[in-house]
Structures are given as structure tokens and as C-alpha cells.
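What you are looking at is a predicted structure, and each value in this text was computed from that prediction instead of being measured.
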Amino acid sequence: MPQISVDYSAGLAGTFDRRALGLAINRLAEETIDAKPESCKTVFRPSEELVVGTSGMSGDVQVFVAFQIFPGRSPEAKAALAEGVLKLVAEYVRPRPGARLFSAVDIADIDRDCYRNAVVLV
């Protein structure tokens, strides 16, 4: 744990190195919430369309990072993780000129009693 999902506007696909951002997010999780390196799993998913408000600009783009973590981390550690992720997004993601980049982070506790995972070697 943690399970990390990064949803990003498809228009950002060529503007940042997903692997480099994922590794940076994983390292940050190790540093701020004491996650084990091999437990950090980050997946990237492009989103085809973003509509902001009622008069959103067609060039708007977004990066939304969601963390699912086991309970027990302090609110301060979660806040530090969220702030750190926002800084990483600002560092790694370079939208095209004229675009508005919206970024957000959500850190949620997962129910330890219901969560299961497995590794299958093929």
C-alpha cells in the first residue's frame, strides 16, 4: 500500500514523463508516510475530456492524484504528502502555452479489513 492513481487530461500526454513523475511520487510517499518502496504502485490514466464550470476553456487540462492508504497516518503527514504531490505535478507537468492546469490530490484511508492484494509471477 499505497495504491496511487493519476488521472490526467489526454492533451497532456506528450508534455510530461509519466514514469519519472510516478517514481518521484513513490519516493515522496516513502519519505512522508513511511511507505515501503515495493508497496507503492502508481497507475496513470488519460481522461479524454475536461469541462470546468459553465464556460470552461477548451484548453483546460487537469492532473488528479488519488492515494488509497492504510489508516494510521497523521493529518500532518497526509497534508505534507498532498502538498508535495502538488509541487511534483507543477515540476513535471508542462502544459502547452495558454492552457490552464488544474491539479488536485486526494488521500483516503482504505479499509484494512476489506483490502486484499496478490502478486502472481508468470
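Nearest approach of Glu30 to Cys40, heavy atoms of both residues: CG-SG, 4.5 Å. Residues Asp113 and Asp111 share a closest heavy-atom pair of N-OD1, 3.0 Å. In this structure, Arg18 and Ala13 approach most closely via the heavy-atom pair NH1-O, 3.6 Å.
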Under 3.5 Å, side-chain donor or acceptor atoms of residues 82-96 against the rest of the protein: list the pairs with distances, not counting sequence neighbours.
from: Arg94; atom 1: NH1; to: Ala90; atom 2: O; distance (Å): 3.0
from: Arg96; atom 1: NH1; to: Gly11; atom 2: O; distance (Å): 2.4

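Thr32 contributes a side-chain N or O that, together with a main-chain N or O of Leu28, makes up a donor-acceptor pair within less than 3.5 Å. Within the 3.5 Å criterion, the main-chain N or O of Asp34 finds no donor-acceptor partner in the side chain of Lys36. When atom types are taken as modelled, the side chain of Arg112 and the backbone of Asp109 share no donor-acceptor pair closer than 3.5 angstrom.
Considering only heavy atoms from C-beta on, Gln68 stays 4.5 Å or farther from Tyr115 through its side chain. The side-chain heavy atoms of Ile110 and Ile69, taken from C-beta on, include no pair separated by under 4.5 Å. Residues Arg45 and Ser5 have side chains in contact (heavy-atom distance under 4.5 Å, counting atoms from C-beta outward). Ser9 places none of its side-chain heavy atoms less than 4.5 Å from the side chain of Pro46. You'll find the side chain of Leu21 reaches within 4.5 Å of the side chain of Ile25, heavy atoms only.
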inquiry  = Could you go through Phe64 and Phe102, starting from their C-alpha distance and side-chain angles, then the distance that decides it, and tell me whether this counts as ring pair (Phe, Tyr, Trp, His ring centres under 6.0 Å)?
reply    = CA-CA 8 Å; Phe64 177 74; Phe102 294 86; over 10 Å; no
task = Any chance you could lay out the side-chain contact (heavy atoms from CB on, under 4.5 Å) test for Val6 and Val43, step after step, and finish with the verdict?
result = CA-CA 6 Å; Val6 181; Val43 62; over 6 Å; no
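The pair Lys78-Asp106 does not count as a salt bridge, with every side-chain nitrogen at least 4.0 angstrom from each carboxylate oxygen.
Alongside Val120, the hydrophobic cluster contains Val122 (criterion: ILVMFWY side chains under 4.5 Å).
Residue-environment remark: CD (Glu49) stays at or below the threshold of 12 foreign heavy atoms within 6.0 Å.
Between the CD1 atom in Ile107 and the CD1 atom in Ile33 there is a gap of 7.0 Å [rounded to 0.5 Å].
Cluster membership check: Leu50 does not share its hydrophobic cluster with Leu12, using side-chain heavy-atom separations under 4.5 Å among Ile, Leu, Val, Met, Phe, Trp and Tyr.
The aromatic rings of Phe16 and Phe44 lie tilted to each other, with the angle between the two planes from 30° to 60°.
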